[in-house]
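What follows is one structure encoded as structure tokens, with my remarks underneath.
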Amino acid sequence: MKPFPRAEISRCALQSNLAQLRLIAPNSKVMAVVKANGYGHGLLNVAESVGKYNGGADGFGLARLEEALQLRDGGVKGKLLLLEGFFRQSDLPILVTHNIDTVVHHESQLQMLETVSLDQPVTVWIKIDTGMHRLGFSLAQFDDVYQRLQACPQVAKPIHFMTHFACADEPDNQLTQLQIDAFERKIKSLEGDCTLANSAGTLFWPSSQADWIRPGIALYGVSPLAGDKGSNHKLVPAMELVSNLIAVREHKAGDSVGYGAFWTAKKDTRLGVVAIGYGDGYPRNAPEGTPVWINGRRVPIVGRVSMDMLTVDLGADAQDNVGDNVQLWGKALAVEEVAEYIGTIAYELVTKLTPRVLVELLD
Ligand SMILES: *Cc1c(COP(=O)(O)O)cnc(C)c1O
């Protein structure tokens, strides 16, 4: 028998989401964002499913050099971009050896580029801060930065350009259009590729799609918009988090359950104990009423989530048995909705699973 809990990853869903994103952004290349272990789906699982050799992604976006090296070790050939750039001067020769592009967003990186000696120039993407105010050069700094990188023999030409949105998941927030306009004014006449759009930009701000889109969460079948679901955009959830029932118990009215005796039954019922807890990455702060899916219906979590288990109220007439499958999120129960109950975002739920959860790639 397969171990529980498991995160079952659907190759079909990943491929279908990529195809859907191509329909939504027909003139853009796709840089699939696979940082943080492919948003918890398994870095190589995702790369393999949407890799170039399947007619898939044109490149991959990563947050750390180690992630990019794992992809190269796994045989991935396409373009790789470090979205936060390199951190140390000693990273630069490694970028050259493994043909990895880097974002440049800070003066310290300029200085490292200007003083390093490399066998070959490195491909860079200048990050322009158009309103996110986290990383990137200001519009005022840009011309000077561009001149310095143009003059730098360690930098491959042409130079490319990127920015990142603060509020693209709010379709009514005008900041995004201001960011798009500011970016376009700056790079209008320059050679080189441009990328602005994360998933929300791709879905809700088509004028931001440019040369490359950088979808992360949408690739996994999840909507970045609060109150929305991937299925509204013909995206299919790529992860099903499953476990099983390890106990079914008669439970009397007035009896409490679990640590802190946190919940007390108002009437006689049956409780199910599910083998998953915060030690697997299922959040401890999931409140009473957070749904899980068992035998074709939703049942509510009751009592505190513990390290290895959680308890659900199956109802007095429940027919469920030990060994029955439980879905924590997936096709039957959207992770977006579970995240709303828990007061977080789907991004956090999928990326926070611990190594105890088997991540298994299925067709
Ligand atoms: C993570 C990230 C993305 C992907 O964002 P999603 O909202 O998951 O689509 C795109 N660009 C940058 C710079 C990122 O850091």
Side-chain angles (χ1 to χ4, degrees), residues 14 17-18 20-22 24-25 28-41 43 46-47 50 57-65 67-68 71 79-87 100-106 109 124-137 160-171 173 175-176 179-180 183 193-206 208-226 228-230 233 235 237-239 335-336 339 344-352:
L14 289 165
N17 294 336
L18 180 70
Q20 180 61 14
L21 288 163
R22 284 206 185 279
I24 292 170
S28 307
K29 288 187 247 185
V30 178
M31 183 173 292
V33 178
V34 294
K35 62 192 179 188
N37 195 29
Y39 287 46
H41 295 62
L43 179 63
V46 182
V50 303
D58 304 288
F60 294 96
L62 306 134
R64 305 273 192 268
L65 177 57
E67 296 172 332
L71 283 187
K79 184 179 262 320
L80 304 184
L81 173 61
L82 297 185
L83 297 166
E84 299 178 1
F86 60 97
F87 300 161
I100 299 166
D101 293 11
T102 181
V103 160
V104 175
H105 60 80
H106 196 267
Q109 293 173 320
V124 308
W125 296 66
I126 302 179
K127 182 161 190 171
I128 311 175
D129 175 12
T130 55
M132 176 76 163
H133 304 321
R134 187 180 58 182
L135 294 182
F137 296 103
H160 307 296
F161 309 98
M162 61 108 52
T163 193
H164 194 48
F165 295 135
C167 304
D169 57 340
E170 299 170 28
N173 192 321
L175 178 59
T176 307
Q179 290 193 261
I180 297 169
F183 183 85
D193 285 359
C194 291
T195 176
L196 303 84
N198 54 4
S199 296
T202 305
L203 295 175
F204 306 119
W205 303 88
S208 74
Q209 291 167 353
D211 298 309
W212 292 80
I213 56 170
R214 306 189 309 270
I217 200 75
L219 185 66
Y220 306 101
V222 176
S223 173
L225 180 69
D228 192 25
K229 280 184 194 168
H233 308 278
L235 301 168
M239 179 190 289
V335 65
E336 292 96 323
T344 184
I345 53 176
Y347 293 81
E348 186 178 18
L349 293 186
V350 293
T351 44
K352 256 190 152 168

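Note that ligands are numbered from 1 as they come in the structure, with each ligand's atoms numbered from 1 the same way. Fair warning: this is a prediction, and the values are worked out from it, not measured in the lab. Computed over heavy atoms, backbone and side chain alike; hydrogens, waters and symmetry mates excluded.
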N-O pairing of Lys35 and Glu84 below 4.0 Å: no
Tell me, do Lys29 and Asp193 make a side-chain contact under 4.5 Å, heavy atoms counted? yes
Heteroatom distance test (Gly216, ligand 1): nitrogen or oxygen, under 3.5 angstrom: yes
protein heavy-atom neighbour closest to atom 1 (C) of ligand 1 works out as Lys35 NZ, 1.4 Å
Considering only heavy atoms from C-beta outward, does the side chain of Thr176 approach that of Phe204 to under 4.5 Å? no
Answer whether the closest heavy-atom distance between the side chains of Leu82 and Trp125 falls below 4.5 Å. no
In the protein, which heavy atom is nearest to atom 12 (C) of ligand 1, and how far is it? His164 CE1, 3.4 Å
Of the listed options (Met162, Arg214, His105), which comes nearest to atom 10 (C) of ligand 1 when hydrogens are ignored and any heavy atom counts? Arg214
Examine the proximity of ligand 1 to Ser199 and report which part, side chain or backbone, both or neither, has a heavy atom under 4.0 Å away. both
Nearest non-hydrogen protein atom, atom 4 (C) of ligand 1: Tyr39 OH, 3.3 Å
Proximity to ligand 1 by part of Ile217, non-hydrogen separation under 4.0 Å: both
Note the single closest protein heavy atom to atom 7 (O) of ligand 1, along with its residue, its atom name and the distance in Å. Tyr347 OH, 2.6 Å
4.5 Å side-chain heavy-atom contact, Leu235 and Ser223: no
Salt-bridge test for Lys79 and Asp58: reply yes if a basic N is under 4.0 Å from a carboxylate O, no otherwise. no
